[in-house]
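Here's the structure, in structure tokens; my notes come after.
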Amino acid sequence: MNLALVHSRARTGVRAPAVRVEVHLGGGLPCMNIVGLPEAAVREAKDRVRAAIASAQYEFPQRRITVNLAPADLPKDGGRYDLAIALGILAASGQLPLPALADCEFLGELGLTGELRAIDGVLPAALAAAEAGRRLVVPAGNGAEAALASRVEARTARTLSEVCAMLCERAPLPRAVAPPLARAPELDMRDVRGQAQARRALEIAAAGGHHLLLIGPPGCGKTLLASRLPGLLPEASEDEALETAAIASVGGGGHGRALDPSRWRQRPFRAPHHTASAVALVGGGADPRPGEISLAHQGVLFLDELPEWERRALEVLREPLESGAVTVSRAARSAEFPARFQLVAAMNPCPCGWAGDSSARCRCTEDIIRRYRARISGPLLDRIDLHIEVPRLPPAALRPDQPEGECSAAIRERVTAARQRQAERSGRTNSRLDQAQTNQHCRLSERDQALLERAVDGLQLSARSMHRILRVARTIADLADSANIGTAHLTEAIGYRRADRDSAARAS
């Protein structure tokens, strides 16, 4: 038999489409051609494969070798097909049994010594292999990541020789084993002194999945508060955690370095610097990779010094904040990445940071403050549900002997209960309700409806802002275990539109 078929997987965004590696040995002068839209790293595989087969003490056939990577219209890149190509050559030349290849998929880059090196995007491939009902063989360096997909039988190998020994039934390969779960040191809300309104806003944001803007002078605790939000969120389900881990697997810049298999159940917290570009936020590149908004999927994206960000970088957030996904399109290919994150933004009230502070040290004019805040567009502010002022605390409130605040665990219990009510009612968090669901689940009494309409007129709010106020009010009612939205819930929700109140006041 001069033909062999080996199964492998490509990487396209967070998907891992199947690739059939077909190897044919024909007559003619000895040479090796790889077809099927290979990029440079794939074309160079023939030299790595030739040396690896020789190092494993097998014979490289002196024939005309054609390697077809199907489907032909799917771009192939990286060294992930090296192992499959080598096994196909050995099977087509009769050095390995063909039937042993049928129920396995193979991934791995080969070194010249036959060593198997880790690649990126193994977790999506493992999940896809489980759906196809095949076993998966990966480099030892990817074993912990592949083992996260508990429904697949994943085996690890260090060299090409070990894989060949397994296929010839001379020695089995060890199973991939997931590392024990570990958690980063927990940041607790008990560390936050005072700031009752900001603590309340964090609880509401966690309970309903709402976006949050913190406005306050330097050093008042905005970053401290934002870093505590992941600890208030319910633990991610297995499907949510796997989806987040799959994004980290393909977004690590090589070999899954962004994914720590021991912490895959932990919700991400991403805090890029304000000099990051729009591509760094949304993702991109000739071979599209996820950006910060996708790496924060099912977690928190914290943007500090919001007015200091480039306007273009901020504007790319508008669509993902609504849709929960982002599509990165390039001339040769496009990829869609999930991006359902919670945005927590922080900013100073003015360029010097002290506008409205009791110290009266601010010397910024109204025109300077107006231009500073105008760096953030109205449509972006529209999409942020909660606007909170974080004042500077007096030194006495920061003394070590002051009572600690409520711990994160107690708040998380209320948040989890509120989310359970939302799941039973609509199957999603309140922040993700569409217009029909908002109308159905956020009904107001006639008196409260009139109150809302007066607030919308007075603050000059858009229809989007009005619906977001309703969703926040629904979350506040859920935290209070109330079946209906009351006047107190609605007025509190209206009070969280601080930036809108400031804009209306300056306009008047």
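The first residue in the sequence is number 1, and the count goes up from there.
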Residues Arg20 and Asn68: side-chain donor-acceptor under 3.5 angstrom: no
Any donor-acceptor N or O pair under 3.5 Å, side chains Thr66, Asn33: no
Side-chain (Trp309) to main-chain (Ser277) donor-acceptor, under 3.5 angstrom: no
Residue Arg134 excluded, over 12 heavy atoms near CZ under 6.0 Å: yes
Arg64 vs Leu25 side-chain heavy atoms within contact, under 4.5 Å: no
Leu107 vs Leu83, side chain to side chain contact (heavy atoms under 4.5 Å, CB included): CA-CA, chis, key distance, verdict: CA-CA 6 Å; Leu107 293 170; Leu83 176 59; over 6 Å; no
Flag, side chain of Ser426 to backbone of Gln422, donor-acceptor distance under 3.5 Å: yes
Criterion side chain to side chain contact (heavy atoms under 4.5 Å, CB included) on Arg200 and Leu479, from CA distance to verdict: CA-CA 11 Å; Arg200 171 68 170 168; Leu479 284 169; 4.1 Å; yes
Electrostatic pair Arg421:Glu424 at N-O distance under 4.0 angstrom: no
For Arg199 against Val192, the heavy-atom pair lying closest together: NH1-O, 3.3 Å
Side chain Ser431, main chain Gly209, donor-acceptor under 3.5 Å: yes
salt_bridge(Glu322, Arg383) N-O dist < 4.0 Å: yes
Glu145 (side chain) donor-acceptor with Leu123 (main chain) under 3.5 angstrom: yes
4.5 Å side-chain heavy-atom contact, Glu238 and Ser150: yes
Arg15 bridged to Glu336 by N-O distance under 4.0 Å: no
Between OG on residue Ser294 and NE2 on residue His297, distance to nearest 0.5 Å: 8.5 Å
Stepwise side chain to side chain contact (heavy atoms under 4.5 Å, CB included) test for Leu136 and Glu153: CA-CA 6 Å; Leu136 181 66; Glu153 181 185 336; over 6 Å; no
Any donor-acceptor N or O pair under 3.5 Å, side chains Asp260, Ser262: yes
Residue pair Val472 / Ile204, side-chain heavy-atom distance below 4.5 Å: yes
Donor-acceptor contact present, side-chain Arg80 to main-chain Asp120, <3.5 Å: yes
Exercise: identify the closest heavy-atom pair between Phe337 and Gly13: CE2-CA, 3.5 Å
Ion pair check, Arg414 and Glu203, cut-off under 4.0 Å: yes
Ion pair Arg135/Asp103, N-O distance below 4.0 Å: yes
Thr159 side chain vs Glu162 backbone, donor-acceptor pair below 3.5 Å: yes
Glu39 versus Asp77, closest heavy-atom pair with distance: OE1-CB, 3.2 Å
Validation row: Val300, Arg267 side chains within 4.5 angstrom (heavy atoms): no
Sidechain-backbone polar pair: Ser8 side chain, Ala84 backbone, donor-acceptor under 3.5 Å: no
Inter-residue atom distance Ile293.CD1 - Arg340.CZ, 0.5 Å rounding: 11.5 Å
Point-to-point distance, once rounded to the nearest 0.5 Å, from CD1 of Ile411 to CZ of Arg228: 11.5 Å
Heavy-atom check, side chain of Thr223 versus side chain of Phe302, under 4.5 Å: yes
N/O donor-acceptor pair under 3.5 Å between Ser161 side chain and Gly114 backbone: no
Heavy-atom closest pair, residues Ala157 and Leu173: CB-CD2, 3.8 Å
Crowding at CD, Gln95 (>12 non-hydrogen neighbours, <6.0 Å): yes
Rounded distance (nearest 0.5 Å) linking atom CD1 of Ile388 with atom CG of Leu225: 10.5 Å
Side-chain heavy atoms of Cys442 within contact of Leu433, under 4.5 Å: yes
Donor-acceptor contact present, side-chain His211 to main-chain Leu343, <3.5 Å: yes
Check: Pro17 and Leu74 side chains under 4.5 Å, non-hydrogen atoms: yes
Whether over 12 other heavy atoms sit under 6.0 Å from Arg170 CZ: yes
Candidate pair Asp478 and Arg419, rule salt bridge (charged side-chain N to carboxylate O under 4.0 Å, His left out), full reasoning: CA-CA 8 Å; Asp478 288 334; Arg419 287 214 177 189; over 6 Å; no
Ion pair Glu105/Arg9, N-O distance below 4.0 Å: yes
Distance-only donor-acceptor check, side chains Ser377 and Glu315, under 3.5 Å: yes
SB check Glu44 Lys46 (cutoff 4.0 Å): no
Passing option when Leu87 is tested against Val21, Val137, Ile53, Val163 for side-chain contact (heavy atoms from CB on, under 4.5 Å): Val163
Ile85 side, atom CD1; Ile34 side, atom CD1 - distance, nearest 0.5 Å: 4.0 Å
Enclosure of Glu240 CD (heavy-atom neighbours >12, cutoff 6.0 Å): yes
Residues Leu110, Arg117; criterion side chain to side chain contact (heavy atoms under 4.5 Å, CB included); working and verdict: CA-CA 6 Å; Leu110 285 172; Arg117 294 172 179 160; over 6 Å; no
Salt-bridge criterion met for Asp382 and Arg468 (N-O under 4.0 Å): no
Shortest non-hydrogen contact from Pro234 toward Val415: CD-CG1, 3.9 Å
Arg425 and Asn430 side chains, donor-acceptor separation under 3.5 Å: yes
Which atom of Arg432 lies closest to which atom of Gln437, heavy atoms considered: O-OE1, 4.3 Å
Side-chain donor or acceptor of Arg63 paired with backbone N/O of Gly27 under 3.5 Å: no
Ser408/Arg190 under side chain to side chain donor-acceptor pair (under 3.5 Å): CA gap, chis, key distance, verdict: CA-CA 7 Å; Ser408 293; Arg190 65 161 54 97; over 6 Å; no
Side chain proximity check, Arg265 to Leu181, heavy atoms < 4.5 angstrom: yes
From Thr244 atom OG1 to Leu295 atom CG, the distance as rounded to the nearest 0.5 Å: 10.0 Å
